2 protein chains.
Amino acid sequence: MPTPTKDRILDVTAELFRRYGYTGTGLKQIVAEANAPFGSLYHHFPGGKQELGAEVIRRSGQMYFELIATIVLAAPDVLTGIADAFTGAAVVLRETDYADACPIATVALEVASTSEPLREATAQVFESWIRGLTEAFVGAGVERDAARRLAISIIEILEGAFLLCRAAKSTEAMEVAGETATAAVRAALAGTARD
Amino acid sequence: MPTPTKDRILDVTAELFRRYGYTGTGLKQIVAEANAPFGSLYHHFPGGKQELGAEVIRRSGQMYFELIATIVLAAPDVLTGIADAFTGAAVVLRETDYADACPIATVALEVASTSEPLREATAQVFESWIRGLTEAFVGAGVERDAARRLAISIIEILEGAFLLCRAAKSTEAMEVAGETATAAVRAALAGTARD
DNA sequence: GTCTATAGAAGGATAGAC
DNA sequence: GTCTATCCTTCTATAGAC
């Protein structure tokens with residue numbers, strides 16, 4: 001049986017990072033919400049906040065990818081799957097008062113110019129998302145290079161929408177993003193069907 | 001003659017916010033880099049960090065809008081202007097080691113769930129960008145509703161690209177973003193030409 | 001309007017008992 | 001592995017001399 005304390009710390013930190021960012025989240029805040037003693041944090045993460053941060057970034061990135069993959073794979077086709085993902089993102093934003101958006105975007109921007117290990121962790125997460133989406137589009141018949149560019153575009157649109165929605169406390173930008181994203185997917189699939 | 005100390009504080013803060021974010025920038029760091037005494041900060045900004053932050057957000061937002069407007073207006077047409085803006089963004093990213101991206105994105109995500117006054121300031125900046133771009137597309141013949149959706153999409157793509165580029169320390173995502181953005185503009189203009 | 005000193009809280013990190 | 005106490009630094013903010 002794996003130690004639950006470590007998992008609680010990871011879960012709580014992921015939640016706090018998503019809402020308040022890396023520098024905005026204190027270690028004391030983390031152990032308080034995780035009902036864990038302060039010493040346990042440094043026992044499980046001897047590297048301190050950086051080590052904990054890196055593990056949370058990777059973990060959150062993988063969990064979010066699995067969430068999106070589940071939505072996309074549940075749909076009858078890729079186009080519908082992408083549309084569902086954007087619709088779902090809008091619903092979650094409204095339900096959480098615009099707190100639950102991308103789990104690593106805030107942290108990624110914060111650490112980009114301040115911590116190489118953490119920047120690399122965020123870069124690996126985004127690259128894994130790009131690769132996963134690329135495979136989905138390749139599976140739908142899109143040529144590999146076009147599929148990667150499409151995957152990058154979809155993620156860019158989603159991330160940009162998260163930013164505008166959180167700032168405006170409105171889902172208008174996510175609805176627009178869904179239209180733009182599906183249009184891009186449709187165009188790529190049409191380009192393939194022409195062969 | 002306006003007081004130069006206040007302007008120096010504003011300029012330095014804008015630069016630090018862009019790179020390190022809101023919580024990642026300390027007031028002591030600001031006065032040190034601005035060569036200003038600590039007391040001057042609270043003399044010019046009695047509301048402390050929040051008041052300074054709000055003013056910097058609005059100021060940075062307006063300056064960045066003017067920068068983009070200059071690039072777009074210098075081009076022969078809107079399509080070329082948008083393409084130039086994305087190309088220019090990629091150049092700046094490379095030249096500044098991926099530090100100079102969107103001046104308010106990091107701050108916007110940090111404050112979205114922590115400070116209503118600052119969130120509103122970022123929301124107003126994004127809305128002003130959307131309106132400015134909307135007018136440009138309306139001027140190019142795009143129907144107003146479609147123009148607003150196009151403007152939102154362009155900003156989303158740019159912001160998503162900034163995020164991916166800073167994380168990866170690569171301009172691949174910005175190049176892809178430029179293609180996607182110009183394709184969207186081209187499609188909107190084509191829709192108009194059909195009338 | 002400029003500048004110094006300092007308060008008071010919160011930050012990350014460590015030591016050592018259990 | 002758990003938990004407490006504590007160190008040192010940094011943070012925002014204020015007071016008050018000049």
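Every value quoted in this text rests on a predicted model; they were computed, and no experiment measured them.
Note on B:Ile155: it clusters hydrophobically with B:Leu79, by side-chain heavy-atom contacts below 4.5 Å among ILVMFWY residues. In terms of hydrophobic clustering, with Ile, Leu, Val, Met, Phe, Trp and Tyr side chains grouped at heavy-atom distances under 4.5 Å, A:Tyr42 and A:Val12 are assigned to a common cluster. Cluster membership for A:Ile71 and A:Met63, using ILVMFWY side-chain heavy atoms within less than 4.5 angstrom, is not shared. Both A:Leu189 and A:Ile157 sit in one connected hydrophobic cluster of ILVMFWY residues. Membership requires side-chain heavy atoms under 4.5 Å apart, directly or through other members. A:Tyr64 and A:Phe86 fall within a single hydrophobic cluster, where Ile, Leu, Val, Met, Phe, Trp and Tyr side chains are chained together by heavy-atom contacts under 4.5 Å.
Counting any heavy atom pair closer than 4.0 Å across all strands shown, A:Thr23 reaches no nucleic acid atom.
Rounded to a whole Å, the CG atom of B:Asp7 is 12 Å from the P atom of C:dG1. As a whole-Å value, the separation of B:Ile9 CD1 from D:dT12 P is 14 Å. Between B:Lys6 atom NZ and C:dT2 atom C1' the separation is 16 Å, expressed in whole Å. Here the C1' atom of nucleotide C:dG11 and the OH atom of A:Tyr42 are 10 Å apart, to the nearest Å. The distance from atom NZ of B:Lys28 to atom C1' of C:dA5 is 11 Å, rounded to the nearest whole Å. Going from atom NE2 of B:His43 over to atom C1' of D:dA13 covers 16 Å, rounded to whole Å. Across the protein-nucleic acid pair, A:Leu41 atom CG and D:dT2 atom P stand 12 Å apart, rounded to whole Å. Distance CD (B:Gln29) to P (D:dT12): 9 Å, rounded to an integer number of Å.
Within residues 31-40 of chain B, the residues approached by DNA chain C to less than 4.0 Å at the level of any non-hydrogen atom are B:Pro37, B:Phe38, B:Gly39, B:Ser40, in residue-number order.
Looking only at side-chain heavy atoms (C-beta outward), A:Thr106 and A:Arg166 come within less than 4.5 Å of each other.
At least one donor-acceptor pair closer than 3.5 Å links the side chain of A:Lys49 to the backbone N or O of A:Tyr22.
The phosphate of D:dT2 has OP1 or OP2 within less than 4.0 Å of a side-chain N or O from A:Thr5. For C:dT2, one of the phosphate oxygens OP1 or OP2 lies less than 4.0 angstrom from a side-chain nitrogen or oxygen of B:His44.
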